[in-house]
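Accompanying notes for the structure given below.
Just the heavy atoms: all of them, side chains too, but no hydrogens, waters or symmetry mates, feed the values below. Letters go in sequence order (proteins before strands), and every chain restarts at 1.
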Protein chains: 2
Amino acid sequence: MATSMALRVGKVDRILDALGDTTRRRIIRLLSTGPMSVSELAKPLDITVTAVTQHLRILQSCALLTSHKNGRVRMCSLDATGFETLEYWVRDCRTSWERRLDRLGTILEEDDT
Amino acid sequence: MATSMALRVGKVDRILDALGDTTRRRIIRLLSTGPMSVSELAKPLDITVTAVTQHLRILQSCALLTSHKNGRVRMCSLDATGFETLEYWVRDCRTSWERRLDRLGTILEEDDT
DNA sequence: GCCATACTGAAGTCTTCACTTGACTATTTC
DNA sequence: GAAATAGTCAAGTGAAGACTTCAGTATGGC
């Protein structure tokens, strides 16, 4: 990222930055089948537990994931909070210009490439 | 990205990769107020038109954006298709383990960090 | 207590990808 | 037709960040 970024990024930006990585998406897919520990995640992903921890921190910081440590084992599960935030954004994003289309649809016509 | 990636990525993966960039999100926010040309986008973003074109290609390849060239001017607008795909994914993702929580909620209890 | 297990932290490497520049191809206007 | 405008293409640069390794800190079992 050559752009400034990180300077006052909102919730949604942090969520989309987090989801913009293959490994983190794979973590989410794994967890959608049920809670898993750090090393249980590392195995199928075929990366070190350190790498997993780093991803967990990011996913947790934008409320896509929660974890609680039980003894020496950290158990991870998905967090609805972040997904709800994202869902609202996507819907807003879609409807905002669908409304515009409705308004204009009857008035204008399009030309194609 | 040090991971292999790009080897058989699905629609949603492409969408989330696209949205995982600040500039592309800013393009989407600009377009949510109405269609704009390439150079109209470049101005507020404060990057070259070349850079904008590159982002447009990516956004278009995952159906977040459509454009039609009218003379020498390319007009860009958002495309509902990609956003719908994403909305479904987010919802699925959320509900999949909310159902699990419902099933387990009455049976087990949690312990905290 | 001692060894194994489960994870965390700091520091370094290496790849990807966002952006630029410079040259080129339409279109529009005069 | 020349000049200006709008955009595209190819190639190169720089930085962000996804990994790794190695060392360190709990916790659990013997």
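Rounded to whole Å, atom P of C:dA6 lies 13 Å from atom CG of A:Leu41. One atom, CD1 of B:Ile27, and another, P of C:dC19, lie 8 Å apart when rounded to the nearest Å. One atom, NE2 of A:His55, and another, C1' of D:dA16, lie 14 Å apart when rounded to the nearest Å. Atom CD1 in A:Ile47 sits roughly 6 Å away from atom P in D:dT20 (whole-Å rounding). Rounded to whole Å, atom P of D:dG17 lies 15 Å from atom CG of A:Leu19. Spacing between atom CD1 of A:Ile58 and atom P of C:dT8 amounts to 14 Å, rounded to whole angstrom units. Atoms CG (A:Asn70) and C1' (D:dG28) sit 12 Å apart, rounded to a whole Å. Atom pair B:Arg24:CZ and C:dA18:C1' shows a separation of 8 Å (rounding to whole Å applied).
Across its full length, the helix from C:dG1-D:dC30 to C:dC30-D:dG1 shows an angle of 20° between the axes of its 5 terminal pairs at either end, rounded to 10 degrees.
For A:Thr66, the side chain to side chain contact (heavy atoms under 4.5 Å, CB included) test picks out A:Ser77, A:Asp79, with sequence neighbours left out. For B:Glu84, the salt bridge (charged side-chain N to carboxylate O under 4.0 Å, His left out) partners are A:Arg94, not counting sequence neighbours. With sequence neighbours excluded, the residues forming a side chain to side chain contact (heavy atoms under 4.5 Å, CB included) with B:Met75 are B:Ser37, B:Glu40, B:His68, listed by chain and number.
The side chain of B:Thr23 places an N or O atom within less than 4.0 Å of a non-bridging phosphate oxygen (OP1 or OP2) of C:dC19.
Under the 4.5 Å side-chain heavy-atom criterion for Ile, Leu, Val, Met, Phe, Trp and Tyr, A:Leu30 and B:Val90 are members of the same hydrophobic cluster.
Within the 4.5 Å cutoff, the side chain of A:Trp89 has heavy atoms near those of the B:Leu19 side chain.
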Donor-acceptor list for residues 43-58 of chain B side chains, cut-off 3.5 Å, not counting sequence neighbours:
unit_1, atom_1, unit_2, atom_2, d
B:Thr48, OG1, B:Ala51, N, 3.2
B:Thr53, OG1, B:Val49, O, 2.9
B:His55, ND1, B:Arg24, NH1, 3.1

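Side-chain N or O atoms of A:Thr33 include none that pairs as donor or acceptor with a backbone N or O of A:Arg29 at under 3.5 Å. Checking side-chain atoms of A:Arg14 against main-chain N and O of A:Ser61 turns up a donor-acceptor pair under 3.5 Å.
For the pair A:Asp21 and A:Arg26, the salt-bridge criterion is not met [side-chain N within less than 4.0 Å of a carboxylate O].
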Each nucleotide N or O in nucleotides 5-12 of chain D that has a protein N or O under 3.5 Å away: list the pair and distance.
unit_1, atom_1, unit_2, atom_2, d
D:dT5, O2, B:Arg72, NH1, 2.6
D:dA6, O3', B:Arg72, O, 3.4
D:dG7, OP1, B:Val38, N, 3.2
D:dG7, OP1, B:Arg74, N, 3.3
D:dG7, OP2, B:Ser39, N, 2.9
D:dG7, OP2, B:Ser39, OG, 2.2
D:dT8, OP1, B:Arg74, NH1, 2.4
D:dT8, OP2, B:Thr53, OG1, 2.9
D:dC9, OP2, B:Arg57, NH1, 3.2
D:dC9, N4, B:Thr50, OG1, 3.4

